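Here the structure comes first, spelled out in structure tokens, and everything after it is commentary.
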Amino acid sequence: MDSFKPTLSLPPALPNGRSVAPRTRREDDNILDAVQRLVPSACEELLSAAGGRPKKHAVTDIAPLMANPQNYAAGIVDFGGETMNGSLTFLSTFDFFATFGPNGARSTELKRQSAADWVRVRDCAMEMSNQLLGRVKNQFRRVGVGVETKLPRAVSGYALVVTIRERTARPLVYAGAGFDVFVWFEATVGEAASVGPKVDVVAEGDFVEF
């Protein structure tokens, strides 16, 4: 597999005379460059903060996912804004979320045979996807791209297979401590979108009042 290439649709800038000022080619390039740089960076930061030692894979093998979907869970969170709309998918194994998920999931040993523990793992998957997109959203402010996140959702089992088949982007893949993590970032930039003012990012962990 080639390097990480998210699905990002960039329509041409609006012609003059429209109510919204057209984006320049440079602005479009900045948006694409931001996605290709900031999504992997945010993923590495999140996995490191969770206690893992992520190592990016150059080759992706999704055959285990398709053959054994019952061992995996994924969190999916949609986002939207004047500039960009899309979704982020964070997928890994039951054992990954049980080990590296939020503290609430690690307080007791989770078992695959337990339906209640699967609920907790799915909650972890949603939380990880939400945290990752939050980091990406924060970094996008550097290039004047503002997005609002929607409520995350989780899938596992056959629904996870359907989700994988619907992905059109190449996933970003990390390995660490025996686990693989797959991240898909897919987005569309609207024709009427204009890049807003660049804003200094807030350090992760700082309080932001909305």
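What's counted below: heavy atoms across the whole structure, side chains too, no hydrogens, waters or symmetry copies. Since we're looking at a predicted model, the values are computed, not measured.
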Should [X] and [Y] be counted in the same cluster of Ile, Leu, Val, Met, Phe, Trp and Tyr side chains packed under 4.5 Å apart?
{"X": "Leu132", "Y": "Tyr174", "result": "yes"}
{"X": "Val181", "Y": "Leu38", "result": "yes"}
{"X": "Met126", "Y": "Ile164", "result": "no"}
{"X": "Val173", "Y": "Met66", "result": "yes"}

Is any side-chain heavy atom of [X] less than 4.5 Å from a side-chain heavy atom of [Y]?
{"X": "Ile76", "Y": "Phe90", "value": "no"}
{"X": "Arg135", "Y": "Asn138", "value": "no"}
{"X": "Gln139", "Y": "Val39", "value": "no"}
{"X": "Leu110", "Y": "Phe97", "value": "no"}
{"X": "Met84", "Y": "Phe140", "value": "yes"}
{"X": "Asp117", "Y": "Arg112", "value": "no"}
{"X": "Ser156", "Y": "Arg122", "value": "yes"}

Nearest non-hydrogen partners of [X] and [Y], listed with the distance:
{"X": "Gln70", "Y": "Ala67", "result": "OE1-O, 4.4 Å"}
{"X": "Val77", "Y": "Lys150", "result": "CG2-O, 3.2 Å"}
{"X": "Tyr72", "Y": "Thr93", "result": "CE2-CG2, 3.4 Å"}
{"X": "Arg167", "Y": "Thr89", "result": "NH1-OG1, 3.4 Å"}
{"X": "Leu172", "Y": "Cys43", "result": "CD2-CB, 4.0 Å"}
{"X": "Gly157", "Y": "Pro69", "result": "O-CB, 3.4 Å"}

Query raised in the report: With no hydrogens and no angle check, is any side-chain donor or acceptor of Asp180 less than 3.5 Å from a backbone partner on Ala175?
Result: no

Query raised in the report: Is a side-chain donor or acceptor of Thr163 paired with a backbone partner of Ala159 at a separation under 3.5 angstrom?
Result: yes

Distance in Å, [X] [atom1] paired with [Y] [atom2], rounded so as to fall on 0.5 Å steps:
{"X": "Met128", "Y": "Leu47", "atom1": "CE", "atom2": "CG", "result": "6.0 Å"}
{"X": "Ser41", "Y": "Arg37", "atom1": "OG", "atom2": "CZ", "result": "8.5 Å"}
{"X": "Leu160", "Y": "Leu65", "atom1": "CG", "atom2": "CG", "result": "7.0 Å"}

Requested in this report: Establish, from distance only, whether the side-chain atoms of Thr168 and Glu186 form a donor-acceptor pair under 3.5 Å.
Outcome: yes

Query raised in the report: Can you check whether Phe179 and Phe94 have ring centres sitting under 6.0 Å from each other?
Result: no

